[in-house]
Protein chains: 2
Amino acid sequence: MNLDRLTELRKKKNWSLQDTADRLGIAKSTYAGYESGYRRPSFEALITLAELFGTSCDDLLGRHFEKDIELTDLKKKELSVDYRKLTETETSGVIAFIRAMREIEEKK
Amino acid sequence: MNLDRLTELRKKKNWSLQDTADRLGIAKSTYAGYESGYRRPSFEALITLAELFGTSCDDLLGRHFEKDIELTDLKKKELSVDYRKLTETETSGVIAFIRAMREIEEKK
DNA sequence: ATGAGTTATTCGCTAATTGCGTACTTAGAC
DNA sequence: GTCTAAGTACGCAATTAGCGAATAACTCAT
């Protein structure tokens with residue numbers, strides 16, 4: 001059970017092992033151990049890594065977890081189209097749109 | 001850094017410490033250590049726990065991670081409205097709907 | 001090509017942590 | 001009261017993390 005994506009994510013950021021270790025506040029050799037699979041990060045380090053690389057712990061752990069997203073439960077703006085976030089108005093519009101579509105469909 | 005939600009999730013399932021430990025294939029006292037914060041699970045155990053409890057590792061780790069969802073990138077149906085999954089047609093409809101809304105908005 | 005400087009990999013050692021069994025405590029059923 | 005199951009706490013053995021130092025690989029300029 002290795003953290004296979006670490007190297008990839010780190011290189012994408014153009015960071016050296018030392019850079020990354022510094023950001024984590026650990027020794028270079030320690031972080032190197034994570035990438036090689038020789039060592040495992042503490043939970044704190046894992047969480048910090050996820051933050052640094054802008055991803056989830058599940059992702060780092062190689063777990064492709066996907067929760068179903070219920071639009072009526074969304075409190076925050078999390079959806080985007082063409083890489084532009086939806087406003088609250090747009091999100092409400094989408095919900096209404098879907099309900100309308102379904103209503104039409106049922107009457108067929 | 002404790003796994004505070006474990007007890008809550010276990011009780012929601014009406015499992016004893018022993019039940020849960022059995023499912024994980026570890027000793028009761030070991031699992032008890034996770035809940036009390038005295039011990040920490042291995043990554044394998046963490047992942048299995050997330051599976052057993054139907055949640056994410058991020059959730060168990062107390063991390064409220066939310067990725068921005070780009071609708072045009074969605075390969076699978078992950079969205080739902082009124083707890084009913086959107087079909088592919090509906091998802092395409094939503095994207096077209098948003099683009100149309102924005103076009104109208106820009107022309108104002 | 002040589003050498004300086006940076007980056008990556010490996011290793012021994014120590015300190016810390018895990019996982020287990022066991023024992024103790026509590027709670028409820030009979 | 002006694003029995004069983006649940007939860008808690010602890011000592012011990014074994015594993016593991018983290019560190020620095022040593023070594024190897026890579027990248028430049030000269």
Side-chain angles (χ1 to χ4, degrees), chain A residues 1-68 73 83, chain B residues 1-68 70 73:
Chain A
M1 223 262 62
N2 293 4
L3 303 173
D4 295 324
R5 302 203 57 231
L6 283 184
T7 309
E8 173 195 341
L9 290 165
R10 174 174 64 83
K11 295 202 166 157
K12 206 182 283 181
K13 288 247 180 209
N14 272 99
W15 292 349
S16 66
L17 295 174
Q18 186 72 64
D19 290 332
T20 316
D22 288 347
R23 279 170 223 260
L24 288 167
I26 61 174
K28 174 181 65 165
S29 60
T30 303
Y31 176 72
Y34 302 162
E35 288 200 6
S36 70
Y38 180 58
R39 289 285 149 77
R40 304 179 155 197
S42 65
F43 286 154
E44 284 79 3
L46 180 74
I47 290 168
T48 308
L49 281 167
E51 279 166 10
L52 287 173
F53 294 139
T55 187
S56 64
C57 298
D58 290 87
D59 178 37
L60 293 181
L61 293 168
R63 185 167 182 255
H64 308 294
F65 172 77
E66 278 174 6
K67 196 162 48 176
D68 209 52
D73 285 347
Y83 300 94
Chain B
M1 225 264 64
N2 293 6
L3 303 172
D4 295 324
R5 303 203 57 232
L6 283 184
T7 310
E8 174 195 341
L9 290 165
R10 174 175 63 84
K11 296 203 164 158
K12 208 180 281 179
K13 288 247 179 211
N14 270 98
W15 292 349
S16 67
L17 294 173
Q18 187 71 64
D19 290 333
T20 316
D22 288 346
R23 279 168 223 262
L24 289 166
I26 61 174
K28 175 180 67 160
S29 61
T30 302
Y31 176 73
Y34 303 161
E35 286 201 8
S36 70
Y38 180 58
R39 290 285 149 77
R40 304 181 154 194
S42 67
F43 286 153
E44 282 80 2
L46 180 74
I47 290 168
T48 308
L49 281 167
E51 279 166 9
L52 287 173
F53 294 138
T55 188
S56 63
C57 298
D58 290 88
D59 179 37
L60 293 181
L61 293 168
R63 184 166 183 254
H64 309 295
F65 172 75
E66 279 170 6
K67 194 163 47 176
D68 208 51
E70 170 59 40
D73 285 347

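Residue numbers begin at 1 in each chain, while the letters A, B, ... track the order of the sequences. In this text, all values refer to a predicted model and were calculated from it rather than measured experimentally.
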- Item | Side chain to side chain, B:L46 and A:L61, heavy atoms closer than 4.5 Å |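 Yes, close enough: below the 4.5 Å cut-off.
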- Task: Evaluate the side-chain proximity of A:W15 to A:D22: yes if any heavy-atom separation is below 4.5 Å, no if none is.
- Result: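 A side-chain contact is absent here, since even the closest heavy-atom pair is not under 4.5 Å.
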- Task: Rounded to the nearest angstrom, tell me the gap between atom CG in B:N14 and atom P in D:dG7.
- Result: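 Those two atoms, CG and P, are 10 Å apart.
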- Quickly work out the A:L49 CG to D:dA17 C1' distance and round it to whole Å.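 Atom-to-atom, A:L49 to D:dA17, this comes out as 15 Å.
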- Message: Is there a side-chain contact (heavy atoms from CB on, under 4.5 Å) between A:R5 and A:F53? Walk through the geometry before answering.
- Response: CA-CA 10 Å; A:R5 302 203 57 231; A:F53 294 139; over 6 Å; no
- Task: Tell me, please, which residues at least two apart from B:S36 pass side-chain contact (heavy atoms from CB on, under 4.5 Å).
- Result: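 Counting only residues at least two positions away or on another chain, B:S36 forms a side-chain contact (heavy atoms from CB on, under 4.5 Å) with B:Y38.
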- Once base and sugar-phosphate atoms are separated, protein heavy atoms under 4.0 Å mark nucleotides 7-25 of chain C, 5' to 3', with B, S and - as SBBB-------BBBBB---
- Query: When you measure from the side chain of B:D58 to the backbone N and O of A:C57, does any donor-acceptor pair fall under 3.5 Å?
  - Reply: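 Indeed, once roles are kept as given, a pair shorter than 3.5 Å links the two residues.
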